[in-house]
Amino acid sequence: MEENKLQCSSVIDGNFEEVPRETVIQFKPPLYRQRYQFVKNLVEQHEPKKVADLGCGDTSLLRLLKVNPCIELLVGVDINEDKLRWRRDTLAPFMGDFLKPRDLNLTITLYHGSVVERDSRLLGFDLITCIELIEHLDSGDLARFPEVVFGYLSPSMIVISTPNSEFNPLFPSVTLRDSDHKFEWTRMEFQTWALSVANRYDYSVEFTGVGEPPAGAENVGYCTQIGIFQKNGGKAMESCVSEQHDQHVYKATMGLTMLPRWVLNFHPQAILPNPPKMLKLQVFTTSYPSLQQEKFFKLVLVNEVSQQVESLRVSHLPRQKKQDEEWGDKPKDSKAPGPCFGPVFTEVEKAKIENSPKPFCVGDKFFVPLQRLLAYPKLNRLCANEEMMRSVIADSIPLSSDGSAVVADLRDYFDEQF
Ligand SMILES: C[S@@+](CC[C@H](N)C(=O)[O-])C[C@H]1O[C@@H](n2cnc3c(N)ncnc32)[C@H](O)[C@@H]1O
Ligand SMILES: [Mg+2]
């Protein structure tokens, strides 16, 4: 954080608040990013599977969180449909997500509605975030908020951030930081409210914040105050969640979710046998490709096996070995990675590969035992055992008659060309 002398109005926390004064406090990174990063760190620490961001605005925080591998369901709720619509398409998977699918499924859904209305689709979450939301609620909605979020939705963890009004005198002309704010609380006010809510709904709460005050003004506390609420006794029992009656009040964010054009045009038929051209959905929702989905798992496994077999085959070519020796290189061991681009193995991994059945040639055919392939860490991570590997690749990659090895031609067309 640093103080700058500026002659014009400036931005305090990313909400373009006017500060018509010479001295302006600028946060680096900007305060809104510090808030998002705070949530991201919390997600990395606690690894929640289901996360909802209430008052998600233009979905910036969701965009940051979606790369987190632990999250399987990400939901955004806002009362402002235009904000939800604005950048929602950038939440959809892009080419890289198809080329390198996630380990776990991820669905992202946006709901249009008020956070103070009960909606059963938000039950059973691990984390609910309310970043710079509560100060936008009028007194009636603020009174309903704890009963809905803590009492009804009752997630394992809730994060609430709100301006700390004690910081405001550092921006002397600022009374409220945003014209839509219904209030801004001192630390005492926020903590009194938070402790009373936590006690009522059996949560514990810790207080922290982001946006350090400048030197000499430490007593005002963080610019943004944050409460982290954790449910006593941990996660809600699944049975409790399923006993709740369905109650859907959030409206659809009308529109169409499309798969990117390149998927429709270029994806192999084997992967998307009947590529959907357009999906009409009641709410905006998008699903990411993952290794939990059979077609993507198969794509990745077949690709990895093919690459490994090819690398081993090239290492076996007598001409290649001879050339390497002539050029003074050590003869290539079939297990060894390429000098520049291959993976780097630990000693344990090297030993595992070395001790596995070796590739061999019969005539002009090159055989790589599946057990050998399974010794490579990448393939081992994908496949539990030989049987599984065989069943997934059998209709895509030639196998030996007993199914225990991949078979390839020792020489291919390109070997003769170059
Ligand atoms: C200051 S913005 C914060 C946006 C986002 N959380 C962020 O940190 O960038 C407050 C958001 O709360 C939304 N909001 C206000 N009242 C709401 C309500 N009752 N239900 C849902 N969203 C609400 C507003 O539309 C707005 O997008
Ligand atoms: Mg605000």
Side-chain angles (χ1 to χ4, degrees), residues 1-42 45 53-55 57 60-61 64 128-139 141-143 145-146 149-150 157-199 203-230:
M1 209 267 329
E2 62 182 40
E3 283 180 86
N4 287 344
K5 291 267 184 199
L6 297 178
Q7 292 299 330
C8 56
S9 52
S10 187
V11 175
I12 294 176
D13 66 357
N15 291 333
F16 296 95
E17 288 150 300
E18 298 288 314
V19 187
R21 220 185 84 95
E22 283 195 0
T23 303
V24 169
I25 293 180
Q26 286 192 319
F27 292 100
K28 283 186 182 168
L31 200 51
Y32 74 96
R33 286 218 194 152
Q34 292 189 37
R35 290 191 286 261
Y36 296 164
Q37 190 59 45
F38 179 87
V39 175
K40 192 167 191 296
N41 293 347
L42 212 63
Q45 189 187 341
D53 186 26
L54 306 186
S60 296
L61 179 57
L64 193 70
I128 286 185
T129 56
C130 306
I131 305 304
E132 305 299 276
L133 166 73
I134 59 169
E135 68 276 8
H136 292 265
L137 303 178
D138 62 26
S139 56
D141 282 351
L142 185 68
F145 175 87
V149 176
F150 288 79
M157 184 181 278
I158 301 170
V159 177
I160 295 179
S161 86
T162 192
N164 165 19
S165 65
E166 290 167 79
F167 200 102
N168 289 357
L170 297 178
F171 313 110
S173 65
V174 175
T175 45
L176 291 177
R177 296 185 197 175
D178 186 293
S179 56
D180 188 54
H181 286 182
K182 309 300 185 293
F183 60 88
E184 284 171 7
W185 279 336
T186 63
R187 282 170 292 177
M188 179 66 88
E189 287 168 323
F190 176 53
Q191 291 179 19
T192 304
W193 175 85
L195 282 165
S196 130
V197 170
N199 284 338
Y203 280 76
S204 57
V205 57
E206 284 172 29
F207 299 101
T208 180
V210 293
E212 297 269 357
E218 289 84 359
N219 61 324
V220 302
Y222 291 110
C223 191
T224 294
Q225 47 185 338
I226 298 175
I228 307 169
F229 301 78
Q230 281 188 277

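Basis for what follows: all heavy atoms, side chains included, without hydrogens, waters or symmetry-related copies.
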Using side-chain hydrogen bond (donor to acceptor under 3.5 Å, both in side chains), reason through Gln45 and Asn41 one step at a time and then give a plain yes or no. CA-CA 6 Å; Gln45 189 187 341; Asn41 293 347; over 6 Å; no
Between Gly55 and Leu133, which heavy-atom pair has the shortest distance, and what is it? CA-CD1, 4.0 Å
Test your reading of the model: is there a side-chain donor-acceptor pair from Thr224 to the backbone of Gly209, 3.5 Å cut-off? no
So if I apply the side-chain hydrogen bond (donor to acceptor under 3.5 Å, both in side chains) rule between His136 and each of Asp178, Asp141, Thr162, Asp180, which one comes out positive? Asp180
Between Cys223 and Phe27 the two heavy atoms that sit nearest each other are CB-CZ, 3.7 Å
At their closest point, which heavy atom of Leu42 faces which heavy atom of Met157, and how far apart are they? CD2-SD, 3.9 Å
Is it true that, when you exclude Arg187 itself, more than 12 heavy atoms of the residues, nucleotides or ligands shown sit nearer than 6.0 Å to its CZ? yes
I'd like to know if the side chain of Gln34 reaches the main chain of Pro29, judged simply by a donor and an acceptor atom lying under 3.5 Å from each other, with no hydrogens or angles considered. yes
Is Asn164 reaching over with its side chain to a backbone N or O of Tyr222, donor-acceptor style, under 3.5 angstrom? yes
Using 30° and 60° as the class limits, which term best fits the ring planes of Trp185 and Trp193: parallel, tilted or perpendicular? tilted
Nearest atoms (heavy-atom pairs only) where Asn168 meets Arg177: OD1-NE, 2.8 Å
Is it true that a side-chain atom of Glu135 and a backbone atom of Pro163 form a donor plus acceptor pair closer than 3.5 Å? no
With Phe150, which residues qualify under ring-ring contact (aromatic ring centres under 6.0 Å, His included), at least two apart? Tyr203, Phe229
